[in-house]
Structures are given as C-alpha cells and as structure tokens.
Number of protein chains: 2
Amino acid sequence: MRFQPYRSPSTGREVRAVLFDTFGTVVDWRTGVARHAAAFAAAHGHELDAEAFADDWRALYQPAMEAIRSGQRGFATLDALHRENLDQVLRRHGFDPGQLGGEALDGLNKCWHRLPPWPDSVKGLAAVRRSYIVGPLSNGNTSLLLDMAKNAGIPWDVIIGSDMTRTYKPLPQAYLRTAGFLDLNPGEVMLAAAHNNDLHAGRKAGLATAFIARPTEYGTGQVADLAPESDWDLSASSIPDLADRLGA
Amino acid sequence: MRFQPYRSPSTGREVRAVLFDTFGTVVDWRTGVARHAAAFAAAHGHELDAEAFADDWRALYQPAMEAIRSGQRGFATLDALHRENLDQVLRRHGFDPGQLGGEALDGLNKCWHRLPPWPDSVKGLAAVRRSYIVGPLSNGNTSLLLDMAKNAGIPWDVIIGSDMTRTYKPLPQAYLRTAGFLDLNPGEVMLAAAHNNDLHAGRKAGLATAFIARPTEYGTGQVADLAPESDWDLSASSIPDLADRLGA
C-alpha cells in the first residue's frame with residue numbers, strides 16, 4: 001500500500017515537511033547550558049547557580065530579537081545575540097567578563113551549539129524522516145543548528161537557519177520564507193513545537209501545527225505550555241508519538 | 001588517537017567542511033535526464049535521441065545563468081531556468097511544447113530532482129561525513145538538491161542552495177557566502193569538483209580544492225576534465241578515494 005501523507009484539517013493540504021522548533025522542542029537547552037556553565041564556573045573557582053544562569057541567559061533572548069523584529073536594529077545572528085547577552089548574565093552572577101578573555105567567552109557561548117536532545121528526539125525524527133522532509137524551524141543560525149546536529153546525531157534533511165530567512169519567529173516571514181525555500185505551499189509544512197505562541201504564529205502564516213509536550217523544559221516547576229492551548233492539528237507527548245500520529 | 005583534519009597546503013588551514021559540486025560530480029545528470037526524456041518521448045509516441053536531448057538541455061544552462069551573473073536579469077532559480085530552456089530543447093527535438101500541457105512539462109522538468117548518483121557517491125559521502133561537514137556547493141536551488149538527496153539517499157549534513165546565496169558559480173560570492181553561512185573561513189572549506197573551471201574559481205575565492213575524476217560525465221567520448229589541470233590540493237578517482245586522502 002502506498003504511504004498516505006497526513007492531511008491537515010486546518011490547511012486542507014497533505015503535509016510534505018515537518019519542521020521543528022528546536023530550543024525546548026528538540027533539545028533540552030536548560031540542562032545543556034547549565035552543565036556547560038557549571039563546568040566553566042568550576043574551572044574559574046566560582047560558585048554558581050547554574051540553572052538560574054541558564055534561565056537568565058535564555059530570558060534575554062526575546063528582548064534581543066525584538067530589537068531586530070521591530071526594525072530598530074539590522075539582522076544579527078543568534079550567536080551574536082547570545083554573545084552580547086553573555087556579558088550581562090556573567091555580571092549578574094558575579095563574574096567580571098573583562099577578566100575572562102574573549103576566547104573563553106566565545107567557547108562558553110558555543111555551548112548553544114552542543115545542547116543535548118531530549119531522549120526521544122533522535123529516534124522520533126528518524127521515524128518522521130522516513131515519510132516526510134524534516135528540518136528545524138528555529139531562530140538559531142545555520143552553523144549553530146548544523147553543529148548541534150553533528151554533535152547530537154540529529155538527522156535533519158535540510159537546515160534553513162534564521163540567517164537564511166533573515167528574520168525571527170514569530171514574524172510571519174520566518175515561516176513563509178522557510179516554506180518558500182522548500183518550494184512548498186505553507187499549508188504543506190507542519191510546524192511542531194512545544195510552545196503555543198509559536199504555533200499560533202505558524203498557524204496565522206498558514207502552516208499546519210502540532211504541539212509536542214515538553215513539561216520540564218523550564219525545570220520541574222514549569223507553569224506555561226504544559227498542554228495544547230488551541231485545537232492544533234495534532235498534539236503529541238513526544239516526537240515518536242508525533243511520528244505515529246503522522247503515520248510515518 | 002584523536003582525528004587530525006586534513007590541512008590544505010594552499011590555504012594553510014585545516015579543512016572543516018567538504019562541499020561537492022553536484023551535477024556531474026555527485027550525480028550522473030546525463031544518464032538521468034536521458035532516461036526520463038526517453039520515457040517522456042515514448043509516452044508521447046515520439047522518436048528521440050535521448051542523450052542528445054540531455055546534452056542540449058544541459059548546454060543551455062551556462063548562457064541562462066550568465067544573464068543573471070552579468071546583472072542583465074534578477075535572480076531566478078535553476079528550476080525556473082531549466083523550465084524556460086525545456087521549451088527550446090523540446091522544439092529542437094521536434095516536439096511542440098504548446099501541445100504538451102504545463103503539468104507534463106513541469107513533471108519532466110523535475111527530472112533534475114531525481115538524478116542517479118554515481119555508484120560510489122553515497123558510500124563516499126558517508127565516509128567523508130564521519131569526520132567533516134558535507135554538503136553540496138551547487139548551482140541547484142535548495143528544493144532541487146533536497147529532493148535529489150531524499151530520492152537517492154545522499155547523506156548531506158546541510159544544503160545551501162544557490163537560492164540562499166542568490167548568485168551562481170563561478171562568481172566568488174557563490175563560494176564566499178556559502179562559507180559564511182557555515183561560519184567558516186573560506187580556507188577551511190574544500191570544494192570537491194569534477195570540473196577544473198569550478199576549482200579555479202573556488203581557489204580564487206580562497207577555498208581548498210579537490211579534483212574528482214568523472215571521465216564519462218559527457219559519455220564515452222568526453223574530451224574535457226579528464227584529469228586535473230592544476231596543482232589542486234587533492235586529486236581523487238572517486239569520492240571514497242577522496243575520503244581516504246582526507247583521512248576520513
């Protein structure tokens with residue numbers, strides 16, 4: 001029997017590509033950044049609340065992108081934004097970035113390239129990939145997403161970084177230009193994400209949508225995005241569960 | 001023992017990414033296009049010299065890109081250029097494209113998305129990939145290169161199509177922007193190609209270079225590119241041979 005692609009009720013189209021939000025949905029950024037920051041602090045003989053450090057660094061991500069989304073500032077890569085924000089986070093946690101040396105800070109900044117996947121991610125993506133195009137739909141730049149994939153064995157078919165669309169989610173062009181590079185109608189692209197706001201923006205741009213629950217992305221006390229908050233096309237407990245629901 | 005990346009004598013850098021010219025170097029476009037064209041002709045009850053058809057279609061590729069490289073015309077994808085040239089080639093071979101229907105012609109045009117790799121390509125790329133980033137450095141657009149990879153099992157790590165660099169080889173920006181998306185110095189990127197003119201342009205842009213012999217790309221009577229015509233960093237008889245020379 002020939003494989004029948006999943007048809008999205010909301011777009012009325014058969015899905016050809018399933019694109020995944022990456023930070024939080026595919027990789028566990030909090031655990032990964034905290035582990036690297038803890039090692040960095042230990043090497044400098046410095047006490048650190050590593051989870052708080054990770055949370056604080058991540059919290060500066062949206063305001064940094066917002067300056068670009070609003071047009072106040074030209075495009076800069078996520079690597080560049082992380083590096084700028086790193087100085088601020090270090091100071092907040094009692095480091096003097098001026099004393100640490102550029103090479104050490106660039107090395108710590110690269111921890112975003114070496115984040116661990118959630119335990120089900122690689123297996124789940126390999127399953128989806130048998131029947132669909134799989135790729136990230138992330139605010140990460142191409143080299144960051146590529147390094148991450150090489151390090152962790154993430155089996156992307158294609159990587160379209162935000163430095164290729166030159167914009168950031170949740171602006172509609174981030175979704176639409178990605179579909180354009182794939183030569184697909186937006187309705188043939190499914191966004192899979194652990195964040196309801198990302199899915200809202202993807203749906204507004206015409207994409208099919210799937211929620212993937214990641215209830216410990218922000219640790220055991222997480223309060224947001226514990227469940228789907230709208231009638232997304234699909235809702236899954238993991239990427240293998242999404243693969244099953246897609247018939248992959 | 002830790003893997004030692006190949007150091008390019010010409011760039012003085014360790015190679016991090018090996019990027020492959022695709023049409024002719026990784027896939028056998030002539031056999032693939034001829035096979036699809038022969039099936040198309042048979043379905044229309046038409047006699048066809050399928051190899052000549054493939055050669056004629058390919059021959060229109062450089063002049064079509066030249067209009068874009070020279071600035072006479074804005075960027076258009078290789079899919080669009082192939083489609084324009086198809087009408088001309090069909091007429092030359094006794095078809096009336098106006099009688100064939102747009103859908104049939106779009107389908108034939110997609111034969112460039114379904115080209116067969118040379119017998120050693122997939123195995124060789126998998127070997128290079130164990131130790132280096134591998135990707136195409138092709139004038140093909142992203143969706144073409146992605147479809148080709150999915151169909152043939154070509155194990156790219158990343159696909160940076162000409163629609164992302166928005167220019168065509170052999171202009172220097174085609175090589176430089178590709179290295180830029182990888183966040184690599186051009187000297188850390190090796191271009192592997194079966195065409196000496198591509199390697200000349202890559203070297204001029206600062207890339208490391210490897211010649212791969214494909215002496216039957218244009219059939220058994222091929223006269224050009226039978227051997228390396230300069231002191232490229234490496235010269236190989238196949239992609240697995242290149243993998244060996246790179247220590248991969």
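Quick note: numbers below take in every heavy atom, side chains included, and nothing from hydrogens, waters or symmetry partners. Model, not experiment: these values are computed from the prediction. Quick note on labels: first sequence line is chain A, next is B, and so on, each numbered from 1.
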If you draw a 6.0 Å radius around CZ in A:R16, do more than 12 non-hydrogen atoms from other residues or ligands fall strictly inside? no

So which part of A:I133 gets closer than 4.5 Å to some heavy atom of chain B, the side chain, the backbone, both or neither? both

Test B:V158 against every option in A:L145, A:T142, A:V158 by the side chain to side chain contact (heavy atoms under 4.5 Å, CB included) rule and name the one that passes. A:T142

Could you tell me the separation between the CG atom of B:L146 and the CG atom of A:L184, rounded to the nearest 0.5 Å? 8.5 Å

Please find the pair of heavy atoms, one from B:I159 and one from A:D157, that lie closest to each other, and give the distance. CD1-O, 3.7 Å

From B:D147 atom CG to A:D183 atom CG, the distance as rounded to the nearest 0.5 Å: 8.5 Å

In Å and rounded to the nearest 0.5 Å, what is the CE to CG distance from B:M164 to A:D163? 9.0 Å

